Amino acid sequence: MLKKMIVSMMLLTVGGNLLWTSSVKANFNGKLTVEIDGLKNQNGLVCVNVFASSQGFPNDRQRVVSNQCSKISETPLTITFDNLQAGSYAVAAIHDQNSDRTLNRNLLGMPTEGFGFSRNPEIRTSPPKFGDAAFFLAGPNTSIQIRLKYF
């Protein structure tokens, strides 16, 4: 009987620790630092959108988790996002040279302003998929670099 009680107490302790550990991970918030490099000039703004899923990536502003636009004061430019929950994210950035907060395109649909994505995937005829740009935010401080591309 005593043995059963000791085993039960040990199981409760282990189970409680597992539940506590998972709840701590679920409530974790971290900071993301995005370094933007490859700017053609210092005109306008750099706008950065953070997505937590493939839905809307990379163009739908309604689906962003967080976004910021910043005047270009230095190169490379650093933009920080605080209080992001642990998880997978993908980032899309544009060099908005005319400050209209939109990636402008020519008549053929090609971007006329600089753009880039987390993990710097190769760009051919269309934007990358979420999975090609996704990274995992897991610690208190995560840093990524984005190199802008111009056509």
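Quick caveat, the model's predicted, so the values are computed rather than measured.
- The one candidate from V48, N49, V50 that meets the side-chain contact (heavy atoms from CB on, under 4.5 Å) condition with V64 is N49.
- Contact detail for D132 and P121: the closest heavy-atom pair is O-CB, 4.0 Å.
- Considering OG1 of T125 and CE of M110, their distance stands at 9.5 Å, rounded to 0.5 Å.
- Two residues are said to be in side-chain contact when any heavy atoms from C-beta on lie closer than 4.5 Å; T75 and Q42 meet this criterion.
- C47 contributes atom SG, which lies 8.0 Å from atom CG of N67 (distance to the nearest 0.5 angstrom).
- Shown are T102, N106, D100; of these, the side chain to side chain donor-acceptor pair (under 3.5 Å) with N104 is made only by D100.
- Hydrophobic clustering places L84 together with V34 (ILVMFWY residues linked when any side-chain heavy atoms are closer than 4.5 Å, directly or through intermediates).
- Contact detail for S99 and L45: the closest heavy-atom pair is OG-CG, 3.8 Å.
- No continuous path of hydrophobic side-chain contacts links F151 to V46 [ILVMFWY only; heavy atoms under 4.5 Å].
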Practice item. Go through the steps for D82 and K31 under the test salt bridge (Lys or Arg N to Asp or Glu O under 4.0 Å), then give the verdict. Key: CA-CA 4 Å; D82 292 314; K31 178 171 81 170; 5.2 Å; no

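- In this structure, S118 contributes its side chain and V91 its backbone to a donor-acceptor pair below 3.5 Å.
- The NZ atom of K149 lies 15.0 Å from the NZ atom of K40; values are rounded to the nearest 0.5 Å.
- Ring-plane geometry between F57 and F130 is classed as perpendicular, the angle between the planes exceeding 60 degrees on a 0 to 90 degree scale with a lower cut at 30.
- The structure places CG of D37 at 5.0 Å from CZ of R147, a figure rounded to the nearest 0.5 Å.
- For the pair Y150 and H95, the tightest heavy-atom approach, listed with the atom from each and the gap, is OH-ND1, 2.6 Å.
- The side-chain heavy atoms of N120 and I146, taken from C-beta on, include a pair separated by under 4.5 Å.
- Hydrophobic clustering (ILVMFWY, side-chain heavy atoms < 4.5 Å, transitive): I79 and L32 are in one cluster.
- Between the side chain of R119 and the main chain of G131, a donor-acceptor pair closer than 3.5 Å is present.
- With respect to the salt-bridge test (charged N to carboxylate O, under 4.0 angstrom), the residues R101 and D96 do not qualify.
- With a 4.5 Å cut-off on side-chain heavy atoms, T142 and T33 do not count as touching.
- In this structure, the side chain of Q68 engages the main chain of T80 through a donor-acceptor pair within 3.5 Å.
- Minimum heavy-atom separation, P128 to F117: CD-CE1, 3.4 Å.
- In this structure, a donor-acceptor pair under 3.5 Å is absent between the side chains of S54 and R63.
- By the criterion of side-chain heavy atoms lying less than 4.5 angstrom apart, applied directly or through intervening Ile, Leu, Val, Met, Phe, Trp or Tyr residues, L107 is not grouped with F115; the two fall into different hydrophobic clusters.
- Although no hydrogens or angles enter the test, the distance criterion places no donor-acceptor pair under 3.5 Å between the side chain of N83 and the main chain of G30.
- In this pair, Y89 and F135 present their aromatic rings tilted. The plane angle is within the 30 to 60° band.
- Screening N43, T112, N41 against Q97 for a side chain to side chain donor-acceptor pair (under 3.5 Å) leaves a single residue, N41.
- A continuous path of Ile, Leu, Val, Met, Phe, Trp and Tyr side chains, each step under 4.5 Å between heavy atoms, connects I36 with F81, placing both in one hydrophobic cluster.
- When all heavy atoms of Q85 and L137 are compared, the pair lying nearest together is O-CD2, 3.6 Å.
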